[in-house]
2 protein chains.
Amino acid sequence: METGQRDDQRTATQRRRTELLEAAERVVLRDGPEASMNAIAAEAGITKPILYRHFGDKSGLYRALAKRHTDALLATLRTALDSPGDRRDRVEATLHAYLSAIETRPQVYRFLMHPAETPSDEKGFDVGRHSVPLLRRMGEDLGEVIAERLDLGPDTREVARVWGHGIVGMMYAAGDWWLGERPLSRDLLVRHLADLLWGRLAETGDRAGSRGL
Amino acid sequence: METGQRDDQRTATQRRRTELLEAAERVVLRDGPEASMNAIAAEAGITKPILYRHFGDKSGLYRALAKRHTDALLATLRTALDSPGDRRDRVEATLHAYLSAIETRPQVYRFLMHPAETPSDEKGFDVGRHSVPLLRRMGEDLGEVIAERLDLGPDTREVARVWGHGIVGMMYAAGDWWLGERPLSRDLLVRHLADLLWGRLAETGDRAGSRGL
DNA sequence: AGACTGGTGTTACCGCAAGTAACTAGCATG
DNA sequence: CATGCTAGTTACTTGCGGTAACACCAGTCT
């Protein structure tokens with residue numbers, strides 16, 4: 001039967017595709033994001049053109065590779081966001097989930113945070129985009145969750161998106177710094193960040209003799 | 001006199017250096033951060049090896065180029081942080097200053113946000129560092145300012161650094177998203193972010209029928 | 001004067017990476 | 001048998017970062 005064979009073919013090529021992705025992942029996690037296509041092909045036991053047939057170009061391969069981890073990370077963040085307890089508990093659980101993820105697999109983190117490799121370089125002009133896909137997706141997702149669950153008045157969706165991206169960025173920058181220097185425990189870091197989100201910045205008094213922040 | 005001539009030499013080479021930097025800047029702002037050394041050399045009317053004599057390698061050139069803009073941006077942020085008004089006014093002014101900067105010169109922004117080009121690739125292993133120098137510096141600076149001006153208890157410096165990086169990250173991610181989509185005015189964006197920092201997330205009630213955030 | 005130094009600049013090259021063209025071999029289907 | 005589809009190859013082009021070797025042109029030291 002034609003469709004049956006087609007399906008076999010498709011699943012076969014897709015299996016091959018994931019095999020190649022797994023080889024690529026091994027290399028990227030060993031050599032970093034600057035791994036060469038040759039090295040990846042060698043790891044997979046084949047040569048370059050096959051990679052190009054499957055993924056178009058290097059950014060295509062990297063996008064496919066990033067998607068898996070991004071999906072996985074987002075899933076764990078979602079479940080953390082649904083953990084039991086009050087709102088503060090949930091926020092702290094989510095921060096913990098994120099920080100734990102980047103702590104246990106820093107190479108994956110580094111790979112995912114590499115900004116997109118200028119997939120469309122049309123005509124050489126460049127808009128002012130930076131675009132780390134993982135950050136964008138996390139921000140959008142969190143924004144949606146906030147909009148679903150909180151009532152922020154008439155422009156809830158707008159505010160929620162801003163907050164989503166803002167909170168994600170807070171988590172990202174603090175996590176990146178923390179991962180590099182490790183000047184405090186994860187627990188404390190989470191607590192301080194939650195304090196920040198809980199408005200302690202506004203409540204805290206000026207230091208004596210300061211003109212105030 | 002020896003020193004006098006030495007000084008002349010030094011100023012001369014330094015002038016040349018800044019000329020080269022200006023040429024590099026023109027090219028980078030035209031072609032994006034992936035501009036080639038050849039292109040930069042051509043723009044400066046010379047050939048590659050001179051660039052390498054002045055800056056060591058490409059990342060050296062880029063670091064020199066980034067430093068100027070980073071210093072300038074940090075200076076304007078500092079003054080915004082010292083603007084008149086109460087604390088919220090100052091925070092909003094700083095957010096405005098940052099967003100205005102990335103809005104008016106998006107190519108500079110894109111260039112500055114490019115993570116460091118793996119300056120030391122020792123032995124091929126990679127720690128989990130990402131390191132966008134501008135973000136780090138902004139975070140550290142803001143942390144210092146916070147530590148100077150606020151009394152956050154016994155571990156003020158620790159909390160202040162966390163908050164510095166966190167707030168900077170919030171500003172960064174929200175700004176990056178906003179710059180790409182422009183779904184609202186800068187004024188509103190600033191207000192929503194300040195609301196977030198002022199603890200509105202904790203104050204806001206759950207939406208009816210939601211399990212709460 | 002002549003050798004030395006330190007800057008400017010060049011041409012010509014190496015190594016390596018992304019990406020492609022052209023071709024081959026298996027294997028099912030009309 | 002011919003057709004087409006896939007997985008695979010070798011060998012190439014193009015372009016980049018980076019370097020070696022050399023030339024020129026000040027002033028400086030002896």
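We name chains A, B, ... by the order of the sequence lines, and we start the count at 1 in each one. Basis for what follows: all heavy atoms, side chains included, without hydrogens, waters or symmetry-related copies.
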| request: Apply salt bridge (Lys or Arg N to Asp or Glu O under 4.0 Å) to B/E140 and list each qualifying residue two or more places apart in sequence or on a separate chain. | output: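 In terms of salt bridge (Lys or Arg N to Asp or Glu O under 4.0 Å), with neighbours along the sequence ignored, B/E140 is linked to B/R161.
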
| Looking at residues at least two apart in the chain, or sitting in another chain, which of them share a salt bridge (Lys or Arg N to Asp or Glu O under 4.0 Å) with B/E158? | none

Do any N or O atoms of the protein come closer than 3.5 Å to N or O atoms of nucleotides 11-13 of chain C, and which pairs are they?
none

Provide, to the nearest angstrom, the distance between the [atom1] atom belonging to [X] and the [atom2] atom belonging to [N].
{"X": "B/E34", "N": "D/dC16", "atom1": "CD", "atom2": "C1'", "value": "13 Å"}
{"X": "B/D57", "N": "D/dG18", "atom1": "CG", "atom2": "P", "value": "5 Å"}
{"X": "A/I50", "N": "D/dT10", "atom1": "CD1", "atom2": "P", "value": "10 Å"}
{"X": "B/L61", "N": "D/dC16", "atom1": "CG", "atom2": "C1'", "value": "15 Å"}
{"X": "A/L51", "N": "D/dA7", "atom1": "CG", "atom2": "C1'", "value": "12 Å"}
{"X": "A/F55", "N": "C/dT20", "atom1": "CZ", "atom2": "C1'", "value": "18 Å"}
{"X": "B/K58", "N": "D/dG17", "atom1": "NZ", "atom2": "P", "value": "4 Å"}
{"X": "B/E19", "N": "C/dT8", "atom1": "CD", "atom2": "C1'", "value": "12 Å"}

| query | Parallel under 30°, tilted from 30 to 60°, perpendicular over 60°: which one fits the rings of B/H165 and A/W177? | reply |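 Aromatic pair B/H165/A/W177 classed parallel.
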
| query | Should the pair B/Y62 and B/F111 be assigned to parallel (<30°), tilted (30 to 60°) or perpendicular (>60°) ring geometry? | reply | perpendicular

| task | Could you check whether B/R53 gets within reach of a base, just the sugar-phosphate, or nothing at all, counting any heavy atom under 4.0 Å? | result |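 Counting heavy atoms under 4.0 Å across all strands, the contact made by B/R53 includes a base.
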
| task | Report the residues that fulfil ring pair (Phe, Tyr, Trp, His ring centres under 6.0 Å) with A/W163, sequence neighbours left out, ordered by chain and then residue number. | result | none

| query | How about A/S36 and A/N38: does a side-chain donor come under 3.5 Å of a side-chain acceptor? | reply |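 Their side chains do not contain a donor-acceptor pair, so the 3.5 Å distance test is not met.
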
| request: For DNA chain D, determine which residues of residues 36-46 of chain A have any heavy atom closer than 4.0 angstrom to one of its atoms, and list them numerically. | output: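 Here the set is A/I46.
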
| Mind checking what makes side-chain hydrogen bond (donor to acceptor under 3.5 Å, both in side chains) contact with A/R16, not counting sequence neighbours? |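 Scan of A/R16 (side-chain hydrogen bond (donor to acceptor under 3.5 Å, both in side chains), adjacent residues dropped) gives A/E19.
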
| query | Under a 4.0 Å N-O cut-off, is there an ion pair linking B/R157 with B/E144? | reply | no

| message | A/I146 and side chain to side chain contact (heavy atoms under 4.5 Å, CB included): which single residue from A/V162, A/L152, A/T156, A/D141 fits? | response | A/L152

| Considering heavy-atom distances to DNA chain C, does A/Y52 or B/H54 have its closest nucleotide positioned more toward the 5' end? | B/H54

